[in-house]
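Here it is, the structure in full.
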Amino acid sequence: MVGVFRRSLSFPNKSPNRPSKPPISHHNRSISLPCRSHPLIFQLKDKINDLKSWVSKSDTRTSSWLCDGLSRLKNLHDYLDDILQLPQTQESLRRQPHWVETLLEDFLRFVDVYGIFQTSLLAFKDEQLAAQVAMRKRDESKVILYVKGRKRMAKEMGKLVSTFRCIRVINTGSETVPVGDAELVGVIGDVIELTVSVSVALFNGISVSFGSRKSSWMEVRLSKKAKKVEEGIEEFEQVGVESLWGLRKKGDEEVRMILKKMQDLDRCIGGIENGSERVFRSLINSRVSLLNTLTQ
């Protein structure tokens with residue numbers, strides 16, 4: 001064994017019997033986002049997996065299924081907003097200013113689209129109520145306006161779908177992203193992707209339900225080879241346009257059954273309206289929190 005000899009220093013104020021200090025352990029502090037171990041990150045990941053599970057169960061599309069998806073999406077953005085307000089998160093995002101600006105543009109598009117959807121849905125609710133009054137009076141001219149309103153709603157929803165499908169999950173443009181920052185980039189990318197998925201399911205579901213039912217010969221051939229997932233919303237399709245024609249020839253019971261389906265549709269629209277409005281407000285909050293990272 002090799003002995004270790006230390007040179008003694010004769011400082012007058014130092015006691016020779018004083019025990020030496022233990023070696024100091026030096027830890028290099030990472031500049032990457034420490035909230036990779038933050039509970040909010042794990043909770044957000046749970047919400048992401050929860051919503052991915054919802055997306056996978058899309059074989060039967062009902063209004064309750066959509067309302068459930070909107071509720072989960074709202075919760076997802078609430079958790080994201082909490083994370084965006086953390087000082088560590090804001091510090092991380094400030095290192096990626098160009099990426100944050102792109103996120104702000106995407107969230108502005110989200111907010112704009114949901115604002116348009118709210119306006120369109122409110123107008124359609126009025127048309128829906130007017131159509132029920134017209135059916136009780138057997139006023140076919142007013143029913144025709146309702147049918148035109150459904151077609152207009154289908155086109156508007158189709159445009160919203162196109163807008164959302166143009167949104168792609170973007171990267172930071174940097175190949176040297178710290179580990180913590182990369183985790184944050186990943187979860188935000190998942191939130192954007194799921195926001196698009198839920199929104200497209202909603203807007204496309206209404207568009208398909210109220211749009212024309214013309215099928216090409218190619219679609220007919222494909223339907224024989226593979227089962228196609230129905231994209232329309234079940235309750236929206238219960239009130240078919242064909243059931244609205246010839247009111248004067250229909251009996252009271254038949255009209256009563258159609259009115260009942262339309263009233264059921266009213267409740268479904270109300271649930272979707274409430275759910276989408278909560279998502280709309282959560283999107284605004286998330287965008288404000290993102291904007292604060294660049295302005296504070």
Charged N-O contact under 4.0 Å between D252 and R138:
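A salt bridge links D252 with R138.
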One thing to verify: whether K45 and E183 come together as a salt bridge, which I'm taking to mean a side-chain N less than 4.0 angstrom from a carboxylate O.
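Salt bridge present between E183 and K45.
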W54 side chain to W65 main-chain N or O, any donor-acceptor pair under 3.5 Å?
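It does hold such a pair.
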Would you mind checking if E105 and R109 are paired as a salt bridge, meaning a charged N to carboxylate O distance below 4.0 Å?
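Looking at R109 and E105, the cut-off is not met.
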To the nearest 0.5 Å, what is the distance between NZ on K74 and CG on L283?
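Result: 11.5 Å between the selected atoms.
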With heavy-atom distances below 4.5 Å as the criterion, would you say the side chains of F236 and L66 are in contact?
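No, their side chains stay 4.5 Å or more apart.
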Any donor-acceptor N/O pair, S71 side chain to C67 backbone, under 3.5 Å
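Checked: no pair found.
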Taking S63's backbone N and O only, do any of them form a donor-acceptor pair with E235's side chain (distance below 3.5 Å, no angle check)?
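Such a contact is found between E235 side chain and S63 backbone.
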Return yes if some donor-acceptor pair links the side-chain N/O of E277 with the main-chain N/O of Q118 below 3.5 Å, else return no.
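No; judged by distance alone, with no hydrogens or angles, the pair does not exist.
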For the pair Q132 and D266, evaluate side-chain hydrogen bond (donor to acceptor under 3.5 Å, both in side chains) and give the outcome as yes or no after the intermediate values.
CA-CA 10 Å; Q132 294 177 51; D266 286 340; 2.6 Å; yes
Kindly compute the distance separating CZ (R152) from CE (M157), expressed to the nearest 0.5 Å.
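It comes to 10.5 Å.
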Under the rule for salt bridge (charged side-chain N to carboxylate O under 4.0 Å, His left out), what residues qualify as partners of D68, not counting sequence neighbours?
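With sequence neighbours excluded, D68 shows a salt bridge (charged side-chain N to carboxylate O under 4.0 Å, His left out) to R72, given in chain and number order.
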Just to verify, what does D126 make a salt bridge (charged side-chain N to carboxylate O under 4.0 Å, His left out) with, not counting sequence neighbours?
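Partners of D126 by the salt bridge (charged side-chain N to carboxylate O under 4.0 Å, His left out) criterion come out as none, since no residue qualifies.
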Residues E253 and R256 bridged, charged N to O under 4.0 Å:
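Answer for the salt bridge query: yes.
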Verify, without hydrogens or angle tests, whether S276 (side chain) and E273 (backbone) share a donor-acceptor contact under 3.5 angstrom.
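Such a contact is found between S276 side chain and E273 backbone.
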For S120 and F117, indicate whether the former's side chain and the latter's backbone hold a donor-acceptor pair under 3.5 Å.
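No: the side chain of S120 does not pair with the backbone of F117.
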Is a donor on one side and an acceptor on the other found under 3.5 Å between the side chain of S289 and the backbone of N285?
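Confirmed, S289 side chain pairs with N285 backbone.
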So, does T89 use its side chain to make a donor-acceptor pair with the main chain of Q85 at under 3.5 Å?
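Not a single qualifying donor-acceptor pair exists.
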Which pairs with one or both residues in residues 137-165 pass ring pair (Phe, Tyr, Trp, His ring centres under 6.0 Å), sequence neighbours excluded?
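Every ring pair (Phe, Tyr, Trp, His ring centres under 6.0 Å) pair that includes a residue of residues 137-165, provided the two are not neighbours, is F110-F164, F124-Y146, F164-F203.
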Does some side-chain heavy atom of V239 sit less than 4.5 Å from a side-chain heavy atom of L244?
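L244 vs V239: side chains touch.
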Distance-only, no hydrogens or angles: does the S56 side chain make a donor-acceptor pair with backbone N or O of S53 under 3.5 Å?
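A pair under 3.5 Å: yes.
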Tell me whether D81 contacts the main-chain N or O of H77 through its side chain, where contact means a donor paired with an acceptor under 3.5 Å.
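Looks like no, no N/O pair under 3.5 Å.
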